[in-house]
A.B. asks: 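For reference, the structure I am asking about is given below.
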Amino acid sequence: MSKRIDRRTFVGQSLAAAGVMTLASGAARSVAPNDKIGIAVVGAGGRGGSHIGAWLKDSRTEILYVVDVDEKSGNKRCDMIAGEQQGKRPTFVTDMRRAFDDDSVNAVSTATPNHWHALCGVWAMQAGKDTYIEKPICHNIAEGSALVAASKKYKRVCQTGTQCRSSPAIIDAVKFMNDGGIGEVNFARGLCYKRRKSIGSLGDYPIPKGVDFDLWSGPAQFTDPKNTRGRFHYDWHWQRMYGNGDSGNQGPHQTDIARWGLGIDSHPVSIISYGGRLGYQAERKNDKYVDAGDTANTQVSVYDYGDKCIVFETRGLEIKPSADDELNRLFGSSKGNKIGVVFYGSEGYVVQKSYTKCVAFDKEFNEIKSFGGGGNHFGNFLDVCESRNMDDLKADAREGHLSAGLSHLGNISYYLGEDNKVSPQQAVEIISGVKSLDDNKKSLERTLRHLEDNNVDLNKYPISMGPHLKFDPQKEVFPDSPQATAMITRDYREGFVCPRAADV
Ligand SMILES: NC(=O)c1ccc[n+]([C@@H]2O[C@H](COP(=O)([O-])OP(=O)(O)OC[C@H]3O[C@@H](n4cnc5c(N)ncnc54)[C@H](O)[C@@H]3O)[C@@H](O)[C@H]2O)c1
C-alpha cells in the first residue's frame, strides 16, 4: 500500500472518529481524483503566488482550486498554473467555502490578509482539510487559541508560515546556542528596521473592479469602502482592523526565532509597548496630512517571561547611523534595513541575519561561527500530511499562536496607551521603572535618537506610552485590566464569526 493511500485512509478514519461532516453537503468523503494531495490556495496575491510556486514544484500536489475575492488576481493565477508545470487549470472561486465543500481537496494553504487567517483555518479544519496558514496565523489571541483547538479536535495538520523553522541555518544556530556555544542565553532582541513609506491619506478611493469587498472584509467590520487607503492590496497591513503593523507582519518571524532560541513555550507574564506612527507628516511637508495607517511605524515592545525576556523593535523611517553601535557591529552596517534577531549570551552573541544566515560572535564581536542554508517548509507540511506524524511538523498551530501572540500583546499595550503622549523625559522615567533583562532606558534612547535623526519633532509629535500589563499565560487574560482582556478578541460580523477555542 502506498504512503499516500495510507494518508487518505488515515484522513477518513480520523474524520469518522471526530464525527466531522463536510460543511454544507454532509456528503460522504470521497477519494481525491488522483494519487496527489489536492490543494486549495486561498488568497492569490503576492504571498499566495509563492504558495502556488511551491506546490507546483512538488510533484506530490495538484492545485485544485484558487480562491480569491479579487477575480482578476485569481484568474491570472489560474491561467499561470494552467500554462506552467501543472498544465491543468484549477477551479477559480471567490468564496473559500465552495472549495472546502469539495471532498477532493485535502489541504488548504492560505495567504489572505491577516484578519481572515484564523477563520479560514478553522473552517478548513472543520471540513477535514490540513492547513498551511501564513503568519501571523491569527488577528488576535482568541483566534490563535481557536486554531490550536481545531487542529487538536479534528486531528488536522496546521502549519504556520514561519518558514525559518525549516531553515538549516537557524536550526543549526539554535542547536549551537542550546549546546552552550555562547554561554547562558536569556535575552533576545528582534528587529524590523525596515523603511516603510507613508501609505497616503484616507480618501475616496474606488475598490478595484472585480473585488468582492464584502467577502474581503469578512470577519472585520464592514467599513465605508470609499474611506480607505490608496493602494487596496497589501497596505491593509498598516490598518489595525485588518493588519497588525510590522510587529505582526515581519514580527512573527523574528519573535518566533527568539522564542525558539530561548526555549520559551508560553506567553509572557508582562508586556509594555511604546511608539507611534511618526515622521510621515514631515515626509509630506504638510502638518495636516493624516496617514491612512493606524498601526505604529515605530514601536518597542518588551516581553517579560520572568527568567527570560524578548524585545521587539520596529522602525519604519530611514535607518541612519545612530546610537546603535552594538547592533551596527553585529549586523556589519550602520545604515540600511536591519531585520533579524540578536541573542545575547554570557560569552557572546548569535545573530540571525536572514532566512538563510546566522552568525555567532564572541564578546569582542569577532565572528566565531556561521550557519547557512535554506529549507523547504512547504515540503515539511506535505511530509506530515502524508505521514500524520504531527511531531515532525516544524511550526504547528501552538508555535504559530505563541509567536503571533507576541505582536497582539504588544499592540494591546500600545493601542491602550495611544492617547498617553509623553515627552522624552517622561518616557525615560516610565521605562526606567520597568524591570527587564534589557537595558530599557538605552533601548528607548536609541529609539528617540532614531526619530530625531529623521527630524521628528518629539514635542509636537510625542511618542505614546502603553501601560505595563500583567498577563496570565494560561488563562490568556490580563488580570488587572478588563479593557486589555476585552482586546483578546474582536466584534465579528454575522456569518464571519471565528469561534472561541471551546466552540470549534
Ligand atoms: N511567510 C512569509 O515570508 C510571508 C511573506 C509575505 C506575506 N506573508 C503573509 O501572507 C499574507 C498575504 O500577504 P500578501 O502580501 O500576499 O497580501 P496581498 O494583499 O497582496 O494579497 C492578499 C490576497 O488575498 C485576497 N483575499 C482577501 N480576502 C480573501 C478571502 N476571503 N478569500 C480569498 N482571497 C482573499 C486578496 O484579494 C489578495 O489577492 C499576509 O498575511 C502576510 O503576512 C508571509
Side-chain angles (χ1 to χ4, degrees), residues 170 173-174 176-193 247 251-275 299-315 323-331 338 340-352 358 360-365 402-403 405-414 427-450 465-473 478:
I170 304 167
V174 167
F176 173 75
M177 270 194 300
N178 292 345
D179 290 345
I182 56 166
E184 199 181 330
V185 194
N186 297 316
F187 172 53
R189 185 188 310 282
L191 306 178
C192 175
Y193 291 1
S247 80
H253 285 301
Q254 269 61 49
T255 51
D256 187 64
I257 294 166
R259 221 173 38 71
W260 173 23
L262 294 176
I264 295 170
D265 184 34
S266 72
H267 292 300
V269 294
S270 80
I271 305 101
I272 185 166
S273 185
Y274 60 85
Q299 188 175 10
V300 178
S301 302
V302 184
Y303 305 100
D304 180 33
Y305 294 85
D307 55 348
K308 292 185 179 161
C309 177
I310 294 173
V311 165
F312 187 74
E313 299 184 12
T314 296
R315 293 184 185 178
D324 298 322
D325 292 347
E326 196 178 79
L327 294 174
N328 292 341
R329 292 180 79 172
L330 292 169
F331 278 87
K338 284 188 188 68
V341 181
V342 180
F343 290 95
Y344 297 76
S346 57
E347 290 163 28
Y349 308 87
V350 163
V351 183
Q352 181 256 330
C358 292
F361 299 89
D362 66 16
K363 278 290 202 191
E364 280 71 49
F365 304 103
L402 292 177
S403 296
L406 288 174
S407 64
H408 304 323
L409 293 170
N411 281 339
I412 288 173
S413 170
Y414 170 71
V428 168
E429 263 169 48
I430 295 168
I431 208 71
S432 301
V434 175
K435 272 200 190 149
S436 88
L437 294 179
D438 189 21
D439 183 337
N440 291 332
K441 182 167 172 263
K442 196 170 155 197
S443 293
L444 169 68
E445 284 170 349
R446 287 189 299 103
T447 307
L448 296 174
R449 171 79 188 273
H450 158 75
M465 179 63 68
H468 189 200
L469 297 166
K470 271 198 201 133
F471 190 60
D472 180 328
F478 296 87

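We number each residue from 1, following the sequence as shown.
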A.B. asks: Could you pull out the closest heavy-atom pair between K442 and E326, with the gap in Å?
C.D. replies: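 Smallest interatomic distance, heavy atoms only, reads NZ-OE2, 4.4 Å.
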A.B. asks: Look at the rings of H267 and F471 and say which category their plane angle falls in: under 30° parallel, 30 to 60° tilted, over 60° perpendicular.
C.D. replies: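 Aromatic pair H267/F471 classed perpendicular.
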A.B. asks: K308 side chain to L262 main-chain N or O, any donor-acceptor pair under 3.5 Å?
C.D. replies: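 At least one qualifying donor-acceptor pair exists.
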A.B. asks: With rounding to the nearest 0.5 Å, note down the distance linking OH in Y303 to OG in S273.
C.D. replies: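 Y303 atom OH to S273 atom OG measures 6.0 Å (nearest 0.5 Å).
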A.B. asks: With the side chain counted from C-beta on, respond yes when C192 and Q254 share a heavy-atom pair under 4.5 Å apart, and no when they do not.
C.D. replies: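 Side-chain contact under 4.5 Å: no.
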A.B. asks: Parallel, tilted or perpendicular: which fits the ring planes of Y349 and F365, with parallel below 30° and perpendicular above 60°?
C.D. replies: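 Plane angle under 30°, so parallel.
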A.B. asks: Measuring from atom CG of L437 to atom CG of D304, what distance do you get when rounded to the nearest 0.5 angstrom?
C.D. replies: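 So the gap between those two atoms works out to 7.0 Å.
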A.B. asks: Any chance you could measure S403, atom OG, to I264, atom CD1, to the nearest 0.5 Å?
C.D. replies: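 That separation rounds to 10.0 Å.
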A.B. asks: Hey, could you give me the OH/CZ distance between Y305 and R259, rounded to the nearest 0.5 Å?
C.D. replies: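 So the gap between those two atoms works out to 6.5 Å.
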A.B. asks: Does K435, at its NZ atom, have more than 12 non-hydrogen atoms belonging to other residues, nucleotides or ligands within less than 6.0 Å?
C.D. replies: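 No.
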A.B. asks: Is there a side-chain contact between I430 and Y274, using heavy atoms and a 4.5 Å cut-off?
C.D. replies: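 When only atoms from C-beta onward are counted, Y274 and I430 do not touch, as no gap falls below 4.5 Å.
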A.B. asks: Give a yes or no on whether the backbone of V342 and the side-chain of R189 come within a donor-acceptor separation of less than 3.5 Å.
C.D. replies: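 No: the side chain of R189 does not pair with the backbone of V342.
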A.B. asks: Between CZ of R315 and CZ of R446, what distance do you get to the nearest 0.5 Å?
C.D. replies: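 Answer for the CZ-CZ pair, R315 versus R446, is 5.5 Å.
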A.B. asks: Measuring only between side-chain heavy atoms, which start at C-beta, is F176 closer than 4.5 Å to V350?
C.D. replies: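 Contact flag for F176/V350 side chains = yes.
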A.B. asks: Any heavy-atom pair between the side chains of D324 and R449 that's under 4.5 Å?
C.D. replies: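 Result no, sub-4.5 Å side-chain heavy-atom pair not found.
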A.B. asks: Could you grab the distance from atom CD1 of I310 to atom CG of D438, nearest 0.5 Å is fine?
C.D. replies: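 If we round to the nearest 0.5 Å, I310:CD1 and D438:CG are 12.0 Å apart.
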A.B. asks: So which atom in S432 and which in K441 form the shortest heavy-atom distance, rounded to 0.1 Å?
C.D. replies: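 Taking every non-hydrogen atom into account, OG-CD, 3.6 Å.
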A.B. asks: Contact between S407 and T255 at the side-chain level, heavy atoms closer than 4.5 Å - yes or no?
C.D. replies: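 No - every pair of side-chain heavy atoms lies 4.5 Å or more apart.
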